[in-house]
Number of protein chains: 2
Amino acid sequence: MQGITGHELSSKKAEYLKYIHMQGDVVKTTEIAAHFSVAPSTVTKALTEIAKAGYIEHTPYHGVRLTPLGTEYARFLVRRHRLVALVLSRHGLEPEEACREAKKIEQCFSKDLTDRMCTSLGHPMMSVCGEIEHDACCCGSHGGYRG
Amino acid sequence: MQGITGHELSSKKAEYLKYIHMQGDVVKTTEIAAHFSVAPSTVTKALTEIAKAGYIEHTPYHGVRLTPLGTEYARFLVRRHRLVALVLSRHGLEPEEACREAKKIEQCFSKDLTDRMCTSLGHPMMSVCGEIEHDACCCGSHGGYRG
DNA sequence: CTCCAAATTTGGTGTCTATCTAAATTTTTC
DNA sequence: GAAAAATTTAGATAGACACCAAATTTGGAG
């Protein structure tokens with residue numbers, strides 16, 4: 001939470017991490033390779049590096065699983081994606097389009113910039129492609145008024 | 001105007017082109033190298049490639065100058081930059097900050113996305129870092145109501 | 001329990017972008 | 001014209017991403 005810049009991982013690796021997060025628990029190399037339409041060896045290489053950076057635990061031949069750090073980071077990536085998509089949706093893009101375009105540009109947004117936009121938007125709870133969780137957000141819990 | 005995707009040049013080359021455009025007429029290698037704090041040879045290499053793509057005319061040892069295509073493209077780049085900065089400024093960033101951050105993310109915005117945002121913003125004439133010219137904009141002239 | 005097929009990893013390559021240094025070349029200036 | 005300044009060329013490096021072919025490991029069938 002404290003030291004994230006938003007540029008710790010290259011955009012491809014960040015995509016892999018987000019995917020692993022969304023699949024939950026143990027994810028296999030082949031699954032990732034198929035999802036992103038790349039050769040398994042390409043994924044293995046990326047996974048090794050992501051593991052070296054501490055975001056996942058890689059048990060050769062058995063798949064990967066997020067570490068606590070990886071989980072935290074993946075949550076940031078998802079939050080960033082949804083905030084960027086939300087901004088785009090407010091500038092003339094249809095929900096699906098906003099989500100698609102967001103994937104192309106989100107990697108450019110630093111943690112800081114993301115947080116600034118989040119605050120400016122009033123820590124919205126919903127985007128066009130899912131909920132936005134603020135647990136690990138810029139300025140504490142913004143869970144909304146539940147009671 | 002017709003075929004621009006916004007990704008014709010790598011982000012560095014696009015920065016060089018924008019700089020050449022802003023300096024006007026003939027620009028020297030050393031000037032560019034100094035501005036971006038890179039070795040002259042790095043610039044020469046990039047310039048050669050930008051010239052090959054048709055955006056500039058490079059007369060060895062004498063500098064470069066934009067071609068009509070390059071001028072058109074540079075205008076798009078400037079317009080994109082200012083639109084992105086404007087969007088950021090509307091999301092909690094101070095003018096100077098918005099301009100600075102825009103430089104980091106603008107290369108991710110396609111021509112199409114830029115045009116969509118432009119329309120959504122009502123073809124604004126001013127951004128936080130200069131005027132926005134719509135001559136070569138998405139849907140013709142939006143020069144405002146001059147008379 | 002053995003053996004083969006499927007999954008995965010290794011090792012080697014290639015491409016692209018961006019950078020640098022050092023050496024060669026051209027232009028400019030005195 | 002010759003030295004100085006600017007520029008280009010050539011050769012290397014580095015990171016990201018991708019592929020293929022070969023080796024390794026796993027897991028299921030018999």
Side-chain angles (χ1 to χ4, degrees), chain A residues 5-20 23 25-66 70 73 77 103-110, chain B residues 5-20 23 25-66 70 73 77 103-110:
Chain A
T5 68
H7 302 298
E8 284 77 3
L9 296 178
S10 67
S11 73
K12 269 296 173 190
K13 294 194 186 97
E15 281 185 64
Y16 292 164
L17 195 73
K18 224 191 317 174
Y19 179 73
I20 294 165
Q23 294 305 110
D25 213 52
V26 172
V27 184
K28 310 302 266 347
T29 297
T30 307
E31 195 183 333
I32 299 173
H35 183 77
F36 290 98
S37 301
V38 294
S41 63
T42 300
V43 174
T44 298
K45 221 154 238 174
L47 255 27
T48 301
E49 291 165 359
I50 299 172
K52 195 179 303 176
Y55 299 98
I56 57 177
E57 208 178 279
H58 183 204
T59 309
Y61 299 101
H62 291 283
V64 294
R65 140 182 298 159
L66 293 178
Y73 199 70
L77 294 177
K103 282 183 193 164
K104 301 184 198 164
I105 69 177
E106 62 195 54
Q107 73 278 357
C108 293
F109 292 75
S110 68
Chain B
T5 67
H7 301 299
E8 283 78 4
L9 296 177
S10 68
S11 74
K12 268 297 172 191
K13 294 195 187 98
E15 280 185 66
Y16 293 162
L17 195 72
K18 224 193 314 176
Y19 179 74
I20 294 166
Q23 294 305 109
D25 211 52
V26 172
V27 184
K28 309 302 261 354
T29 298
T30 307
E31 195 184 334
I32 300 172
H35 182 77
F36 291 99
S37 300
V38 296
S41 63
T42 300
V43 174
T44 299
K45 215 158 241 168
L47 256 26
T48 301
E49 291 163 1
I50 299 171
K52 195 179 303 176
Y55 298 98
I56 57 177
E57 207 178 283
H58 183 203
T59 309
Y61 298 100
H62 291 283
V64 295
R65 142 182 295 160
L66 292 177
Y73 199 70
L77 294 177
K103 282 182 194 162
K104 301 184 198 163
I105 68 177
E106 63 195 53
Q107 74 277 0
C108 293
F109 290 75
S110 68

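In what follows, every heavy atom counts, from backbone to side chain, and hydrogens, waters and symmetry copies are set aside. Bear in mind the structure is a predicted one, so any value in this text is a computation, not a measurement. Convention: sequence-line order gives letters A, B, ...; per-chain numbering from 1.
Atom pair A:K52:NZ and D:dG15:P shows a separation of 11 Å (rounding to whole Å applied). Rounded to an integer number of Å, the gap from CG of A:L9 to P of D:dA16 is 10 Å. Atom CD of B:E49 and atom C1' of D:dT8 are 14 Å apart (whole Å). In this structure, the CD1 atom of B:I32 is 15 Å from the P atom of D:dA6, given to the nearest Å. Between the C1' atom of D:dA18 and the CG atom of A:L47 lies a distance of 15 Å, rounded to the nearest Å. Rounded to an integer number of Å, the gap from B:Y61 OH to C:dA24 P is 13 Å. For A:K28 and D:dG27, the NZ to C1' distance is 10 Å, given to the nearest whole Å. Regarding B:K12, its NZ atom lies at a distance of 15 Å from the P atom of C:dT17, rounded to whole Å.
Nucleic acid contact class of A:Y16 (heavy atoms, under 4.0 Å, all strands): sugar-phosphate only. Residue contacts for B:T42: at a heavy-atom cut-off of 4.0 Å it reaches a base atom on one of the strands shown. Residue A:S10 is in sugar-phosphate contact alone, with no base atom involved, counting any heavy-atom pair closer than 4.0 Å across all strands shown. Residue contacts shown for A:A39 are limited to sugar-phosphate atoms, with no base heavy atom under 4.0 Å away. Nucleic acid contact for B:P40: base, since at least one base atom lies under 4.0 Å from a heavy atom of the residue.
The side chain of A:T29 approaches C:dT9 more closely than any other nucleotide in the set D:dT8, C:dT9, D:dT26.
Nearer to the 5' terminus of DNA chain D, by closest-nucleotide assignment, is the contact made by A:S11 (compared with the other of A:S41 and A:S11). Along DNA chain C, the nucleotide nearest to A:G63 and the one nearest to A:K45 differ in position, and the one closer to the 5' end is contacted by A:G63. The nearest heavy atom of DNA chain D to B:E31 and to A:S37 marks one nucleotide each, and the one closer to the 5' end goes with B:E31.
Contact annotation: A:T48 does not reach the phosphate of C:dT9 (side-chain N/O to OP1 or OP2, under 4.0 Å). OP1 or OP2 of C:dT9 has at least one side-chain nitrogen or oxygen of A:H58 nearer than 4.0 Å.
Ring-plane geometry between A:Y73 and A:Y55 is classed as tilted, the angle between the planes lying from 30 to 60 degrees on a 0 to 90 degree scale.
Between B:V64 and B:I50 there is no side-chain heavy-atom pair separated by less than 4.5 Å. Counting heavy atoms from C-beta outward, A:C108 and B:Q107 have side chains that approach closer than 4.5 Å.
Exactly one residue among B:V27, B:V26, B:D25 makes a side chain to side chain contact (heavy atoms under 4.5 Å, CB included) with B:I20. That residue is B:V27.
For the atom pair A:F109 CZ and B:K104 NZ, the distance stands at 11.5 Å (nearest 0.5 Å).
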